[in-house]
Each structure stands twice: as structure tokens, then as C-alpha cells.
K.L.:
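Can you read through this structure? Questions will come right after.
Nothing fancy with the numbering, it's 1 onward along the sequence.
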Amino acid sequence: MSTSRQASARAQVPPFEVMRILHRVAQLRAEGRSVISLCAGEPAGGAPGAVHRRAAQLHRAQAEFSYTPALGIEELREEIAAHYRLWYGLRVPTEAVAVTTGSSGGFLLAFLAAFNPGDRVALARPGYPAYRNLLTALGCEVVELDCGPEVGFQPTPTLLDDAVAASGELAGLVLASPANPTGTMIDVARMAALVEWSRRRGVQIVSDEIYHGITYGHGSPEASGDPERPKGVCALALEPDAIVVSSFSKYWGMTGWRVGWLILPERLRAPVDALAGNIALCPPAPAQAAAVAAFRRASYAEADTRVAELARVREIALAGARRLGWDPIAPADGAFYLYAGVPLGQYEDSEAWCAALLETHGVALVPGTDFDRVDGREFVRLSFAAGAEAVTEALERIEAFQAS
């Protein structure tokens with residue numbers, strides 16, 4: 001007699017809403033519909049030219065691409081360490097760098113190494129849903145901090161105090177700056193306050209810095225000395241014991257290459273090495289070898305040119321959101337997202353609003369409920385990475401939709 005078993009309890013996490021929306025976008029386009037997709041967090045243009053050329057050279061030479069060390073090839077780890085000197089004036093030892101299968105693989109390794117089942121880990125709400133889902137699947141208790149517009153959509157020591165008072169001590173704090181979906185950033189003063197709070201209570205900081213470089217301030221990456229830079233505040237500048245998660249996906253536009261990295265405190269390096277070897281053996285060898293070229297001067301220049309264009313499109317998106325009466329609007333200091341409250345009109349929530357917008361006017365946005373299950377029902381996320389033409393036309397269609 002056969003026995004049918006259900007999927008494990010840890011597997012009961014919600015899917016990415018973005019993937020469901022993208023599937024519907026593909027269906028509508030297959031039917032011949034004109035659809036503007038502003039839902040995926042994917043910069044246009046792809047990898048820098050130097051990365052493509054290096055990949056082509058390696059393939060033409062029929063490079064073997066065998067397994068690499070679990071924490072990545074030495075050349076790439078050295079380049080990542082040098083990147084921290086260039087952007088932040090920080091000396092990161094090569095042995096602190098762990099190359100990962102995208103930042104997603106990095107989060108899994110970081111959470112496995114730093115936290116035990118039952119540990120309470122705090123994070124901002126609204127926030128990237130994979131943090132919550134991964135931690136839940138690993139048996140951690142997720143503590144969501146209500147980070148609305150009144151606190152700039154980012155955690156504060158007061159919110160952390162309230163969380164501890166409500167249900168006990170924390171083991172970890174996940175920070176994201178620039179944040180998905182809000183684009184908000186943690187300045188050096190707030191980072192210092194959060195670091196001090198965490199240090200006093202023995203709380204492990206995990207800092208998501210994958211959108212560093214996609215910011216809209218002033219200055220250049222060569223300016224050194226001050227940890228508060230246009231590229232973003234690196235947690236390591238204030239807390240050497242922090243775990244930093246980063247990636248080639250956003251600033252360098254290498255989403256499908258699946259290469260990211262961790263910067264690890266010494267006590268977690270051997271555990272992450274062991275976990276990485278058991279989980280994936282190694283990150284993709286061809287992508288690692290090609291990613292070395294992302295740190296060439298021309299690659300930085302190419303990426304910065306794209307950021308300048310994103311800054312222009314950001315202004316279009318912000319002006320359009322104000323014209324549409326969206327409120328509140330997160331400031332979008334970094335990344336390429338606009339997160340805002342929308343007038344729901346006849347629709348029950350932002351899920352229904354977004355579904356109707358897609359079906360009737362061919363614009364794909366992400367409902368805020370994917371990022372905030374409590375207060376996201378009146379919010380949407382718009383990705384302006386698709387470019388000026390797409391965003392301008394999408395805003396015109398949204399205006400028509402709201403007037404209908």
C-alpha cells in the first residue's frame with residue numbers, strides 16, 4: 001500500500017508574486033497584446049562589454065571550467081577585496097570573501113551559518129520577501145519591524161527596542177540599503193545607531209548591499225575616507241563583525257550569470273566553506289571567470305553611465321507618480337524602484353488594482369502585498385529599470401486606467 005506524503009512544513013512559503021506576474025505578461029504577449037512590464041528587478045543592458053569579451057575568450061579557448069574551490073576562484077576573490085578599497089577605503093582580506101551563486105545563494109549560506117532554528121531575526125516591513133521566506137524555511141522566527149514612511153521605511157533602535165519588549169531578544173538583524181522595494185537608504189548616522197544597538201545586545205547584522213552603486217547622490221567612487229559615500233554606506237565600515245551580502249546582478253547588470261559574494265567575519269568563514277561545498281560544490285565556474293572583468297575601469301564606467309540614465313528615468317517616474325496622485329511615495333534614493341500608495345478606487349486592494357491594470361491597459365506592476373503582508377494592500381512597486389520610453393508610456397496608460 002503506497003503512502004502519499006505532503007510537502008514539508010518548511011516548504012510552505014509563498015512563491016514570488018513577480019514570477020506569477022511575469023508568466024501572465026508572457027501569456028498576454030503571446031496573444032499579441034502590447035504589455036509594458038515594470039515588475040522585474042532587472043536592469044536593462046546586461047553585463048559590461050569587458051565581461052562578455054572575457055567570457056567569449058574563455059569559451060573560444062575551450063577552457064575546462066571544472067569545479068572551483070567552494071568559496072570561489074582566488075582571482076575573483078582578490079578583485080572583490082580590491083573593490084572594497086576602491087569604493088569604501090576598506091581593507092578586506094581575500095579570505096573574508098566567499099563567492100556565491102548569486103546573492104540568493106549568499107543569503108542561504110549566511111543564514112545557515114549565523115542562525116539556529118528558533119532564533120529570532122528582525123527585518124524591515126516592507127522588505128524583500130525572500131529574507132522572510134528563507135528564514136522561515138530554516139526554522140527561524142521572523143520579527144517584522146513596521147517601517148513606514150514616518151521612519152523613512154528603515155529600522156530604528158526604537159523599533160528594535162519595541163520588538164524586544166514585545167517578545168524577547170533577537171539573534172539577528174537584516175538590513176538592506178538601498179532597499180527593495182522602497183529604494184530608501186540607511187545613512188551613516190542611522191547605521192551607527194543600529195550597529196551600536198546590535199553590538200550591545202549581541203545581535204548579528206546581515207547587510208544586503210546588492211544595490212550599492214545604484215544611488216543618486218554626488219561624488220565619485222574614488223573619493224575615500226568617509227564611509228558615507230554616494231555608492232552606499234558599507235556596514236563593515238562601522239561593524240567589522242557584520243555579514244555583507246552583495247552581487248554582480250544589479251550595478252553590473254549580470255542577473256542571469258548567478259554570481260554574488262559574502263564578506264564574512266573570521267568565525268564564520270570555515271562554516272560557510274563547509275556549507276557551500278555541501279550545498280552547491282561551487283558557484284558557476286564560467287561566470288566566476290568572466291566576472292573578474294567586471295572590476296576593470298571600463299566596466300565601472302559603463303555601469304556608472306547606466307546609473308546616470310537611471311537617475312534620469314527616476315525623475316520621470318517620481319514626477320509621474322505625483323501627477324497620478326500617488327501618496328505616500330518612498331524617496332527612491334537608490335536601486336531602481338518606486339514604492340508608493342495608489343488610489344484604489346473600486347478595487348479592494350493593490351493585488352486587484354494591479355491585476356486590472358495589467359488586463360485592461362497592459363502595464364505590469366507588483367502589488368505591495370508581496371513586500372508587506374500587513375500594510376501593503378494600498379501600495380505598488382514600479383521598476384523604472386526598463387528605461388525612459390517604457391516608463392513614460394506606462395505612466396500614460398496608468399493615467400488612463402485611473403481615469404476609467
K.L.:
Using a 4.5 Å cut-off on heavy atoms from C-beta on, say whether the side chain of T136 contacts that of Q12.
P.N.:
no
K.L.:
For the residue pair T369 and E351, confirm or rule out a side-chain donor-acceptor distance under 3.5 Å.
P.N.:
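Yes, side-chain donor-acceptor contact under 3.5 Å.
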K.L.:
Please confirm whether the backbone N or O of D370 pairs with a side-chain atom of E17, one donor and one acceptor, at under 3.5 Å?
P.N.:
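Such a contact is absent between E17 side chain and D370 backbone.
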K.L.:
Given 3.5 Å as the limit, does a donor-acceptor pair link the side chain of R314 with the main chain of D333, or not?
P.N.:
no
K.L.:
Under 6.0 Å from the CD atom of E74, do we count more than 12 heavy atoms belonging to anything else shown?
P.N.:
yes
K.L.:
Has R381 got its NZ or CZ under 6.0 Å from the middle of the six-membered ring of Y337, at an angle within 45 degrees of the ring axis?
P.N.:
yes
K.L.:
With a 3.5 Å cut-off and no angle check, do the side chains of R60 and Q57 form a donor-acceptor pair?
P.N.:
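Not at all, the side chains of R60 and Q57 share no donor-acceptor pair under 3.5 Å.
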K.L.:
Taking the side chain as every heavy atom from C-beta outward, state whether S103 and V245 have any atom pair closer than 4.5 Å.
P.N.:
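Of all side-chain heavy-atom pairs linking V245 with S103, at least one is under 4.5 Å.
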K.L.:
Got a donor-acceptor contact below 3.5 angstrom from the S299 side chain to the A293 backbone?
P.N.:
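Pair found, side chain donor or acceptor close to backbone of A293.
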K.L.:
When you measure from the side chain of R24 to the backbone N and O of A364, does any donor-acceptor pair fall under 3.5 Å?
P.N.:
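No, R24 side chain to A364 backbone: no donor-acceptor pair under 3.5 Å.
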K.L.:
Verify whether the ring centers belonging to Y211 and Y251 lie closer than 6.0 Å.
P.N.:
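No - the distance between ring centres of Y211 and Y251 does not fall below the 6.0 Å cut-off.
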K.L.:
Side-chain contact, heavy-atom cut-off 4.5 Å: E315 with F384?
P.N.:
no
K.L.:
How about Q62: does its CD atom have over 12 heavy atoms from other parts shown lying under 6.0 Å from it?
P.N.:
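It does not: Q62 CD has 12 such atoms or fewer within range.
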K.L.:
List in chain and number order the residues that pass side chain to side chain contact (heavy atoms under 4.5 Å, CB included) with A330, two or more places apart in sequence or in another chain; answer none if no residue qualifies.
P.N.:
F153, T182, T184, Y339
K.L.:
Answer yes or no: are there more than 12 heavy-atom neighbours, outside R91 itself, under 6.0 Å from its atom CZ?
P.N.:
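For R91, atom CZ is not crowded (no more than 12 foreign heavy atoms under 6.0 Å).
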K.L.:
With a 4.5 Å limit on heavy-atom distance, are the side chains of T101 and L108 in contact?
P.N.:
no
K.L.:
Under a 4.0 Å N-O cut-off, is there an ion pair linking R322 with D327?
P.N.:
no
K.L.:
Let me know which of F371, F107, F115 forms a ring-ring contact (aromatic ring centres under 6.0 Å, His included) with Y131.
P.N.:
F107
K.L.:
With a 4.0 Å cut-off on N to O distance, would you call E75 and R54 a salt bridge?
P.N.:
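Salt bridge: yes.
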K.L.:
So L262 and V272, do their side chains get closer than 4.5 Å, heavy atoms only?
P.N.:
yes
K.L.:
May I ask you to check whether over 12 heavy atoms, not counting those of Q6, lie within 6.0 Å of atom CD?
P.N.:
no
K.L.:
Please check: side-chain N/O of D119 versus main-chain N/O of N116, any donor-acceptor pairing under 3.5 Å?
P.N.:
yes
K.L.:
Set out, in order, the CA-CA distance, both residues' side-chain angles and the distance that settles salt bridge (charged side-chain N to carboxylate O under 4.0 Å, His left out) for R373 and E144, then state yes or no.
P.N.:
CA-CA 10 Å; R373 297 174 297 178; E144 294 187 320; 3.6 Å; yes
K.L.:
Determine whether a donor-acceptor pair (N or O, by modelled atom type, separation under 3.5 Å) exists between the side chain of R120 and the backbone of V142.
P.N.:
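Checked: no pair found.
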K.L.:
Side chains of H212 and Y88, heavy atoms from C-beta outward: is any pair under 4.5 Å?
P.N.:
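The answer is yes, as the side chains (C-beta and beyond) meet within the 4.5 Å cut-off.
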K.L.:
Output yes when a side-chain donor or acceptor of D273 lies under 3.5 Å from a complementary backbone atom of R269, and no otherwise.
P.N.:
no
K.L.:
Check step by step if ring pair (Phe, Tyr, Trp, His ring centres under 6.0 Å) holds for W252 and H52.
P.N.:
CA-CA 12 Å; W252 285 281; H52 283 296; over 10 Å; no
K.L.:
Show the nearest heavy-atom pair for residues P343 and G325, with the distance to one decimal.
P.N.:
CD-O, 4.4 Å
K.L.:
Return the minimal non-hydrogen interatomic distance between P178 and G183, and the atom names on each side.
P.N.:
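Heavy atoms of P178 and G183 come nearest at CB-O, 4.2 Å.
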K.L.:
Is the shortest distance from a Lys or Arg side-chain nitrogen in R312 or E309 to a carboxylate oxygen in the other one below 4.0 Å?
P.N.:
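The answer is yes: the pair qualifies as a salt bridge.
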K.L.:
Taking the side chain as every heavy atom from C-beta outward, state whether V203 and E169 have any atom pair closer than 4.5 Å.
P.N.:
no
K.L.:
Do the side chain of E239 and the main chain of D241 share a donor and acceptor less than 3.5 angstrom apart?
P.N.:
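Between the backbone of D241 and the side chain of E239 there is a qualifying donor-acceptor contact (under 3.5 Å).
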K.L.:
I'd like to know whether the aromatic ring centres of H361 and W353 sit less than 6.0 Å apart in this structure.
P.N.:
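No.
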K.L.:
Would you say the rings of F401 and Y347 are close, in the sense that their centroids are separated by under 6.0 Å?
P.N.:
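Ring centres of F401 and Y347 closer than 6.0 Å.
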K.L.:
Look at the side chain of S350 and the backbone N and O of G376, then say whether any donor-acceptor pair between them is shorter than 3.5 Å.
P.N.:
yes
K.L.:
State, with a plain yes or no, whether a side-chain heavy atom of R85 is found less than 4.5 Å away from one of L90.
P.N.:
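The answer is no; the side chains never approach within 4.5 Å.
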K.L.:
So does K250 pair up with E42, basic N to acidic O under 4.0 Å?
P.N.:
no
